[in-house]
Novice: 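Before I ask anything, let me first share the structure, which is written out below as structure tokens.
These numbers were taken from a predicted model, which means no experiment stands behind them. Count residues from 1 along the sequence. Ligands are counted one by one from 1 in listed order, and the atoms in each one are counted from 1 as well.
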Amino acid sequence: MRRAGSVVRQVLNVVRDAVRPGATTLDLETAAEQKLAELGAKPAFKGYHGYPCVLCTSVNHEVVHGIPSKTRVLREGDIVSIDCGAIVDGFYGDAAITVPVGNRIDGKTQKLLEATESSLAAAIQAVRPGATLGDIGAAVQEVVEAQGFSVVRDFVGHGIGTRMHEDPQVPNYGERGRGMKLREGMVLAIEPMVNAGTAAVEVLKDGWTAVTCDGSMSAHFEHTVAVTADGAMILTL
Ligand code: CO
């Protein structure tokens, strides 16, 4: 799973470098497809319940599952979430980042990116044998809500292994001490989705793209993380 995680990270690095004003989200998809092929890995998303691409590219108020498109042109000041999954020898890796387009992002949006990424870091800090799913959710929720932002509840993280989505579901909200206990050897995809406004989201008529109901910006970061005796081992570094 470390190898699958490494592939995902290498793809995200290539795609991040391709993010610039004037690029389309299909340009990002093409860069990702090439890198996956070069690394000899299979995409995890393409064909999953009919999903058409190797990446999800979700711009601004799009939360997750945005479909790359040649008509979606990135503009200075946009943010784009890039989510990628890969399969290596039957094992899955899954990770996401949200990056600014250009270098004139507004202050509140910058704060949203930082809060979302640090909420993921706090969740990973909570991972150890004996900790609970509620500990993870509470860690995310505290960081996010302290900044005045909202945790999305309609989508959750997940177990991952020889399938992309395995039990358990990993909510980004919860109460410490509640929920299933983590055990050594479990692997989780932890993926906070955070809105600048309210938590409400809806899925567009394309059947995939989730957007914020209030039109506010949304950010998403994800790592695939193994539970070890010493705590979390991040497989998508
Ligand atoms: Co995931």
Novice: When you measure from the Co ion (ligand 1) to each N, O or S atom of H158, which atom gives the shortest distance?
Specialist: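 The Co ion (ligand 1) is closest to the H158 atom NE2, counting only N, O or S.
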
Novice: Tell me whether R72 is salt-bridged to E29, with the criterion being a basic N under 4.0 Å from an acidic carboxylate O.
Specialist: no

Novice: Kindly compute the distance separating CZ (R128) from CG (D230), expressed to the nearest 0.5 Å.
Specialist: 13.0 Å

Novice: Check D94 and report its N/O/S atom nearest to the Co ion (ligand 1), by atom name.
Specialist: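 Atom name returned: OD2.
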
Novice: For Q141 versus R153, what's the shortest heavy-atom pair and its separation?
Specialist: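 In terms of heavy atoms, the two residues are closest at NE2-NH2, 3.4 Å.
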
Novice: Could you check which N/O/S atom of E222 is closest to the Co ion (ligand 1)?
Specialist: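 Going through the N, O and S atoms of E222 one by one, OE2 ends up nearest to the Co ion (ligand 1).
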
Novice: For the pair K35 and E38, find out whether any cationic side-chain nitrogen is under 4.0 Å from an anionic carboxylate oxygen.
Specialist: yes

Novice: Looking at the Co ion (ligand 1), is there an N, O or S atom belonging to E191 that lies under 2.8 Å away from it?
Specialist: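 Here the distance criterion (N, O or S atom, under 2.8 Å) is met by E191, so yes.
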
